2 protein chains.
Amino acid sequence: MSAAPLDLSHHFSFVSKNRHLSDVKDFYKYYLIPGIANFAGGMPHPSYFPYDSLEASVARPQRLQPANSGDASPEKLIIPKDPQTTDPNLRIDLSSALQYGTAGGYPALLSFLRQFTRDHLHPNIPYAGGPDVIISCGNTDGLAKTIELFTNTWNADRDWIRQREGMLCEKFTYMNAVQTARPRGLNIVSVAMDGEGMLAAGKGGLADVLENWDFRRGRRPHLMYTVTIGQNPTGGVLSIERKKQIYALCQKYDIIIIEDEPYWNLQYPSAYEMEARCRGLACPPPPNFNANKKSSGYSFLDSLAPSYLSIDTEGRVVRLDTFSKTIAPGSRCGWITAQPAVIERITRITEVTTQQPSGFVQSVIAETILGQQGSKDAVRSSKLQPAHAWQLDGWVRWLEGLRGGYERRMKSMCTLLEDNKFLFSETSANSRNPLDFSADEWEVVDRVQMFDFVWPKAGMFTWIEMHFETHPLRSQYSQEVLSKALWVHLTKAPAKCLVGPGSMFAPTPESAVHAQRFLRLAFAPMDPEDVTSYTQRFIEGVKTFWQRKDLDGLDDKPMAMLSVKENPAINFLGLGC
Amino acid sequence: MSAAPLDLSHHFSFVSKNRHLSDVKDFYKYYLIPGIANFAGGMPHPSYFPYDSLEASVARPQRLQPANSGDASPEKLIIPKDPQTTDPNLRIDLSSALQYGTAGGYPALLSFLRQFTRDHLHPNIPYAGGPDVIISCGNTDGLAKTIELFTNTWNADRDWIRQREGMLCEKFTYMNAVQTARPRGLNIVSVAMDGEGMLAAGKGGLADVLENWDFRRGRRPHLMYTVTIGQNPTGGVLSIERKKQIYALCQKYDIIIIEDEPYWNLQYPSAYEMEARCRGLACPPPPNFNANKKSSGYSFLDSLAPSYLSIDTEGRVVRLDTFSKTIAPGSRCGWITAQPAVIERITRITEVTTQQPSGFVQSVIAETILGQQGSKDAVRSSKLQPAHAWQLDGWVRWLEGLRGGYERRMKSMCTLLEDNKFLFSETSANSRNPLDFSADEWEVVDRVQMFDFVWPKAGMFTWIEMHFETHPLRSQYSQEVLSKALWVHLTKAPAKCLVGPGSMFAPTPESAVHAQRFLRLAFAPMDPEDVTSYTQRFIEGVKTFWQRKDLDGLDDKPMAMLSVKENPAINFLGLGC
């Protein structure tokens, strides 16, 4: 029999411990008295909501390849003003979606997400009773609430260093997450990584960091922020073996794991094979993540690398999921999965901050997936002509289609990058007599490797390591100077490429030096037909940079360096994450 | 010439001072290079947003009385996938609304709110340059961010008492606001009030509290939370004269004012006259709030009591507005107005928490008010048949209509309450010979006042003071016991009324004792035809309570005391505020 999750309340911040059930919300329980004349609640009257119905043209889940190419025409989704059912977990209507609700989220969506999470996304969570979920306003919001729950602020001017708390993260990471934690005074502690993700063992790996913790820096970190699937920026997927090693260390040192997984469904098993084939290596066997485990019921979901939750015997994992990459970023809607006592505390935080995401987005997503589920008579008599809602099958099919769309972009980009890692020095090859060299020597002299990369196994990015040591100007300029100059060079015609500089993903001064060697290339936001031409421009840009005789003109500011204030068009060019 | 707002950064929390421009967002400025191949942003491709259009049936602004009763039929609102204009401040489309954006909010909605706030809602803000605005996820979120900006947490176990910060609020207040602040360790300090709102002078008034501050409790409060229009729970409207007195004290003691105004458009000037007429008092002249000031351009807006912002010479006011009461609570959308340096810091907080409200709600509200504003050709060629968007005139007309709807409920309730404040004791009148008494004595003996109230001048509530001292059992039971017993008595048949107990609105132990005397009756959530019958039931319930010979059975738990966990239907019974 599985054990209950651990009591982690010793990790709760004092502010979170101070939070009581909202006094106002305590009164919910009286609302159920039949026939009660309700003078208590401060709700507006629903007849004063100006919307009589909300409709959307929504794609069929088959719109996106792979599998049979489906009908591209949309179906009509209709959210009526009034409910078609009396079951609160099924009703999707504007009278309830646009009214005040409870902090957990809109019941129809919440109950779907709870079931999807427990039965399909993570069918093997080991602790007794399983997890609970709460709907968030996306993963940035989910992370902020989790950090609020598990950390006390620390002020260098007034607190003792021994009180300073810390957060572990990968050596290269999504900086918006770090920006959430660092202003609170937390130590940000980076852990070495490889192409997969965070290292458990070895120099700078998790065991090394924790065993050799220098308490003069503050408390040993009790929190970890990690992206294990399509790691941002590296595109790695952490193996279940590595996860077990890291989890064991988190048990030993009593660490909470915050698993931020916006890319979980964008996993590319084909990348393992492509990478091996391109490089003449033995092709690894396809990963079998879920052998001997309970199936999710879907071969697509079974093929995904499992969450830390699947080995979370003690309930120390808080997982963040979002609709940002599966529906749209502007949804600002996601969900948090953790042991019930943690979700309870996050619910208290939610009551006094966001309350819940907008009812517009919650009802639209609920309607898209679930549809009107009242009695057939009720739906018919309402004159609704409901679309065939996606249902669970359609939702999983949609996720699979999304994966396919991004996987094709990844392959286009990486195939081209793979073929162009080297600069062949034609001048020297032409100017010298090949007969002067042996075949081996000829190759050594005339090709230099400009960059290397690991094929992304998931996510939206390729993480490229520039080999500045092969640049002709390396003896004159530091790596830092070359790195910055390359970035500016790439923004200039004819390359005109905007790439993510590695420094954007360096959480600590130590990792910033190493990060100078890297660039992040997103393949997600571009049209599929642009991937090849854009990547070609990037490659040409790198080549011409390697052919430069000087760095003149590369310390200028790039053109059009306008601030958001100067041109609000920038508001539309969202960087997101 | 008006002066610039004061630098208030000495009030910013250390966490807020630590926040830098999000590293990621710094890169926006490069996005504008024409023809740039964008590898930098982690946005999904918009073709993978499953919605091709979003439509709603939206009321015409004339739907609600007063003024000419309009056409009740809705118009169709359509948000297309692609933009009809290249002007970022005008475009309303799913490609942009559902993409990542900047923390200020969706540009079309943000620019409308900025203009509405500066030119129409508060045309007389005195400081140079005027205020800025940021879109929030409703006022609970806006308040949480403001408190995060202006307060440091305080932990009794580790910090000095002299470091403890404090927040002033009215003696009776909206407790969800207090619940946001109190767990951070803030002193919650209540200020005496009358029917209008917070007192400046007199015992327990603001001057008294600040002048006689006991520093053994911590720092003198530097923050005030106040609802000045339709104060929750009392329904008061603070006069501009009182506001000037309080503002002067806030200048003297360097206090930030957080003005939470969800009810600003629900002001009932008629209540002044009705109250006076019912009570045989001289009718006060109608308030003229905006004499000699710049007009808002709308007589309805000019008739509203002005915000603290209108006298905010120093920029120490942070005002919270919400669509919760004007569109719908489930919008979870509002805006914050303050001097630009404060909005800038709140923007930094927003970047790492909510980012912005859902694009679904922002685009629907923007489309409702503004509509498609591309060139006529572009709109025509897109096959859109756009509704006549409300525009500013329609928006103001909608607000006025809402006010009318709630004002009628207020009048129905208060007229009935006014006529039934007294219990006439028939038994004693019948059993005694009237000739034994003089006319005056007769009245003294045979009628007792059960309650009194001030007519609400705005908002959604009537605040009723129970005169427990006239209850026959007063000698046997304390006020506290009678108060709780009354609340339970009211929930039982035949009254079956759920009312807000005064204790729900008491922020401090001292105010809790006084609060026992009060009940809050919301007239907003009920159907207009129910107001009279429900109020009648309430009155009968009070009468029968005053006729009770004992309190037997009133310490039972009311029936159907189910928790949210036991019955998720409660989720739909939102208490809101």
Side-chain angles (χ1 to χ4, degrees), chain A residues 14-15 18-19 23 28-29 31-33 36-43 49-57 59 74 88 98-102 107 137 144 155 175 180 183 328-330 332 352-354 358-361 497-500 521 525 534 560-561 569-571 573-577, chain B residues 14-15 18-19 23 28-29 31-33 36-43 49-57 59 74 88 98 100-102 107 137 144 155 175 180 183 328-330 332 352-354 358-361 497-500 521 525 534 560-561 569-577:
Chain A
F14 83 91
V15 175
N18 282 346
R19 285 191 204 284
D23 283 5
Y28 276 117
K29 57 195 173 197
Y31 277 56
L32 281 196
I33 299 173
I36 197 86
N38 186 351
F39 291 95
M43 299 101 66
F49 304 165
Y51 304 106
D52 294 346
S53 72
L54 192 63
E55 303 177 22
S57 296
L98 298 186
Q99 191 51 279
Y100 285 108
T102 48
C137 298
N155 183 344
M175 284 302 288
T180 303
R332 305 315 313 136
V352 293
T353 53
T354 60
S358 173
F360 285 96
V361 59
C497 289
L498 191 66
V499 301
L521 270 58
Y534 283 12
M561 263 186 68
I570 303 179
N571 289 344
L573 299 163
L575 190 47
C577 56
Chain B
F14 83 91
V15 175
N18 283 346
R19 285 190 204 284
D23 284 6
Y28 276 116
K29 56 194 172 196
Y31 277 56
L32 279 197
I33 299 174
I36 197 85
N38 186 352
F39 291 95
M43 299 99 67
F49 303 165
Y51 304 106
D52 294 347
S53 72
L54 193 62
E55 303 176 23
S57 296
L98 299 186
Y100 285 109
T102 48
C137 298
N155 183 344
M175 283 304 288
T180 304
R332 303 316 314 136
V352 294
T353 52
T354 59
S358 173
F360 285 97
V361 59
C497 289
L498 191 66
V499 300
L521 269 57
Y534 283 13
M561 265 187 66
I570 302 179
N571 289 344
F572 285 96
L573 299 164
L575 189 46
C577 57

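Source: prediction; values computed, not measured. Here is how names work: the chains are called A, B, and so on, in the same order as the sequence lines, proteins then strands, and each is numbered from 1.
- Residue with the most contacts toward chain B among A/Pro183, A/Gly500, A/Cys497: A/Pro183 (heavy-atom pairs, distance under 4.5 Å).
- A heavy-atom distance below 4.5 Å is not found between the side chains of A/Val361 and B/Val361.
- Residues A/Val352 and A/Arg19 come closest through the heavy atom pair CG2-NH1, 3.4 Å.
- Annotation: maximal heavy-atom pairing with chain B below 4.5 Å, among A/Ser358, A/Ala37, A/Ala328, A/Ala144, occurs at A/Ala37.
- The shortest heavy-atom contact between B/Asn38 and B/Met43 is ND2-CE, 4.5 Å.
- When the candidates B/Asn155, B/Leu54, B/Asn18 are compared by the number of heavy-atom contacts under 4.5 Å with chain A, B/Asn155 comes out ahead.
- Comparing A/Phe14, A/Phe360, A/Tyr534 by heavy-atom pairs within less than 4.5 Å of chain B, the highest count is held by A/Phe14.
- By number of non-hydrogen pairs under 4.5 angstrom with chain B, the leading residue of A/Cys137, A/Pro50, A/Ser53 is A/Pro50.
- Using a 4.5 Å heavy-atom threshold, the side chains of B/Tyr51 and B/Leu98 count as touching.
- Considering only heavy atoms from C-beta on, A/Pro329 comes within 4.5 Å of B/Phe49 through its side chain.
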